[in-house]
Amino acid sequence: MDLGLDNKIVVLTGAAGGIGRELASGFAAHGAQVVGVDLASLDDVDLNLRVHIDLADPDSIRQGCRTIRDHCPKVDVVVNNAALYGGLKMTPLQGLDLQEWDRVMAVNVRGAYLMVRELLQPLIESRGAIVNLASASALRGSPMMLHYVASKGALIAMTRALATELGHHGVRVNAVAPGLVDDAASQGLGEAFERVLQSTVAQQSIPVRLEAGEVVGTVLFLASQWSSAVTGQTIPVDRGLVKS
Ligand SMILES: NC(=O)c1ccc[n+]([C@@H]2O[C@H](COP(=O)([O-])OP(=O)(O)OC[C@H]3O[C@@H](n4cnc5c(N)ncnc54)[C@H](O)[C@@H]3O)[C@@H](O)[C@H]2O)c1
């Protein structure tokens, strides 16, 4: 299927991560040129351009986005995929420390906002698309990860708000909300992970573990002209975990 992504320039944050790598190869397979952004090494990810940005640091975002604008004739798509997730420990709310709360909000919410702000002009020029990686945990509630879940809820609200603000420029803004993926990032949540995974899978309409690669199709759809009339929406990609 031709998604019309040939020669589109896609800026993908978190390209070194589990879902990020799958997204990078999915976009590349459809002819897009992928600019990978991450704090971690991108050396072993197949990308057209590698840009190191610490999304917790506004100066780093400003400098990295300048590099992107200097090297790329245009920007068609921004995928805000990076997040603090895998390294977080599942903690009851009494145990969450404030610095950790602020760190998660800074990367997961403010980082996405600043990426869009810094790349807004080229996005408007190409009447582009933004796709945010939210989480099913924010649509249904999920215990022991209040900071993370709140950050993904903010991203869903930001998706709606940005869609109304950027629509008259022809820029679409959507999100995908993956369920719990059985990957290294999720396993990093600690010893509770296997128990949570089993109970999550049992609640899915299709009770089979979700894989990172299964998130790709919906992101590509939302980045492509096949979704030209879709904006402000969050699509769960979760084998039927979220029921409404
Ligand atoms: N894996 C899941 O089960 C799951 C479920 C729902 C939503 N998600 C979301 O999907 C997205 C991808 O998740 P993943 O499973 O690939 O996680 P991951 O931890 O494998 O990847 C996240 C990437 O973000 C990068 N990153 C973290 N902090 C950064 C910073 N300050 N600056 C720049 N980059 C930074 C990491 O280096 C990593 O490469 C995330 O937004 C996550 O919240 C994941």
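Along the sequence shown, the residues carry numbers beginning at 1. Bear in mind the structure is a predicted one, so any value in this text is a computation, not a measurement. Indexing begins at 1, ligand by ligand and atom by atom, following the structure's order.
Using a 4.0 Å heavy-atom cutoff, Arg21 is absent from the residues neighbouring ligand 1. At least one heavy atom of Gly179 sits less than 4.0 Å from an atom of ligand 1. Ligand 1 has no atom lying under 4.0 Å from any heavy atom of Ala212.
Side-chain N/O atoms of Arg160 and Gln233 include no donor and acceptor closer than 3.5 Å.
Considering backbone and side-chain N/O of Leu55, one or more are found under 3.5 Å from N/O of ligand 1. For Ala15, no nitrogen or oxygen atom sits less than 3.5 Å from a nitrogen or oxygen atom of ligand 1, counting backbone and side chain alike. Checked by distance only, ligand 1 and Tyr85 come closer than 3.5 Å through their nitrogen or oxygen atoms. Annotation: Ala136 places no N or O atom under 3.5 Å from an N or O atom of ligand 1; distance criterion only. Of the N or O atoms in Ile19, one or more lie within a sub-3.5 Å distance of an N or O in ligand 1.
More than 12 non-hydrogen atoms from other residues, nucleotides or ligands lie less than 6.0 angstrom from CD of Glu194. For Trp101, the CH2 atom sits in a packed shell: over 12 heavy atoms of surrounding residues, nucleotides or ligands are nearer than 6.0 Å.
Looking only at protein heavy atoms, the nearest one to atom 38 (C) of ligand 1 is Asp38 OD2, 3.6 Å. Of the protein's non-hydrogen atoms, the one nearest atom 20 (O) of ligand 1 is Gly18 N, 3.0 Å. Of all protein heavy atoms, the one lying nearest to atom 7 (C) of ligand 1 is Ala134 O, 3.2 Å. Nearest protein neighbour of atom 19 (O) of ligand 1, counting heavy atoms only, is Ala185 CB, 3.6 Å. The nearest protein atom to atom 15 (O) of ligand 1, hydrogens excluded, is given as Asp183 OD2, 3.3 Å; this is a heavy-atom distance. The nearest protein atom to atom 40 (C) of ligand 1, hydrogens excluded, is given as Asn81 O, 3.1 Å; this is a heavy-atom distance. The protein atom (non-hydrogen) at minimum distance from atom 8 (N) of ligand 1 is Tyr148 OH, 3.6 Å.
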